[in-house]
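The next block holds one structure in the form of structure tokens; read it before the comments.
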Amino acid sequence: MNMARTAKQGLGYFPFDIDFFQDLRIRKLIKYQGGKAITVYALLLCLIYKDGYYIRWDEELPFIISEQTGYDEAYIREVIQCCLNIGLFAKELYKAEGVLTSKGIQVRYMNINRLCKRVATVTVYNLITDDTGTDKPSTGTSRKGTAKKRTAAKKPKEPPLPPYQPYTLTLDEEIEALKNETAWLDQLQVLHHMDVEELCKRLDEFRLHCASDGKERHESLSDAKQHFNNWLRIVAGKKQNEDVTIRTEQRNKRRGNILRADEEKTYGGTF
């Protein structure tokens, strides 16, 4: 007796588009989180396509990615949150079901399966429409039973969406709002090894930096947080390099009369 094998859900490969870095969302990801974020995003795609077209959020996921990339877990969480904010993953589905996926991921999943002549469907967490060729999952009920079910259980009317309210915070108002974001400041303390007082001073410096660049406001408060975190990482890196230079010069001075490369060499008082 021949037994049919279970259809493989995961993929052995997925294509990498040559215009990948021209995607506006990818450009935003690099701007807000740096080039390292592409490594995190690519690894997430590998984990997703390995099992199908989505992955469930797990508290161990940042550790797994951190272990494979060498980046801090806090940074991994920031990148994932940024991917949700800019649309690389479906944010509403993540909030409701704790799932990382997107319409683009599901469309590519179906296209690759067609090329490989494999039968595959997007059933749960379906974000794509019928015009992509996705087969709707069968409910296993007859038309008569389905009609009765539809008649018996009518969907309640959805409440109307709230009116759109444009973002109006000025740069000064943004800085004050960020100083009151207690949970966010707690995360920054761990990430940058600074206390709240030091972070507030940095926020004032960040205000001057934005003003000098002619920036009156950000697209949103979330955008302001990402910009500040990226700026703070750059500033902290520069300060660390300056501290290393100062310590090196002080160590050389303690060793004796050692001149710097750019210092004028005079030997009049030596003999």
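The basis for the numbers below is simple: all heavy atoms, side chains too, and nothing from hydrogens, waters or symmetry mates. Residue numbers count from 1 along this sequence. None of these values were measured; they are calculated from a predicted model.
- The side chain to side chain contact (heavy atoms under 4.5 Å, CB included) search around Glu59 returns Trp57, Arg77, not counting sequence neighbours.
- Atom CD1 of Ile18 sits in a sparse spot, with 12 or fewer heavy atoms from other residues, nucleotides or ligands closer than 6.0 Å.
- The heavy-atom pair separating Tyr75 from Leu191 by the smallest distance is N-CD1, 4.3 Å.
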**Prompt:** When you look at Asp204 and Arg207, which way does the salt bridge (charged side-chain N to carboxylate O under 4.0 Å, His left out) test go after all the steps?
**Reply:** CA-CA 5 Å; Asp204 291 330; Arg207 185 208 324 253; 2.9 Å; yes
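- When the options Arg217, Lys215, Glu216 are evaluated for a side-chain contact (heavy atoms from CB on, under 4.5 Å) with Cys210, the one that passes is Lys215.
- Heavy-atom contacts from other residues, nucleotides or ligands closer than 6.0 Å to NZ of Lys36 number more than 12.
- Shown are Tyr109, Tyr94, Tyr54, Phe89; of these, the ring-ring contact (aromatic ring centres under 6.0 Å, His included) with Tyr125 is made only by Tyr54.
- Partner of Asn85 under the side-chain hydrogen bond (donor to acceptor under 3.5 Å, both in side chains) criterion, out of Lys28, Lys225, Lys91: Lys91 alone.
- The list of salt bridge (Lys or Arg N to Asp or Glu O under 4.0 Å) pairs with a residue in residues 187-199, not counting sequence neighbours, reads Glu198-Arg202.
- Electrostatic pairing of Arg233 and Glu78 counts as a salt bridge here, judged by a charged N lying under 4.0 Å from a carboxylate O.
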**Request:** Carefully, step by step, assess Asp186 and Gln189 under the rule side-chain hydrogen bond (donor to acceptor under 3.5 Å, both in side chains).
**Result:** CA-CA 5 Å; Asp186 289 342; Gln189 288 185 78; 3.2 Å; yes
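- Arg108 and Asn111 are not linked by any side-chain donor-acceptor pair at a separation below 3.5 angstrom, with hydrogens and angles left out of the test.
- Listed here is the closest heavy atom pair of Leu61 and Ile55: CD1-CD1, 4.2 Å.
- Side-chain N or O atoms of Tyr71 include none that pairs as donor or acceptor with a backbone N or O of Ile65 at under 3.5 Å.
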**Prompt:** Does the pair Phe63 and Ile76 meet the rule for a side chain to side chain contact (heavy atoms under 4.5 Å, CB included), with working shown?
**Reply:** CA-CA 8 Å; Phe63 169 76; Ile76 303 298; over 6 Å; no
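- Classification of Arg25 and Asp23 as a salt-bridged pair holds, one side-chain N sitting under 4.0 Å from a carboxylate O.
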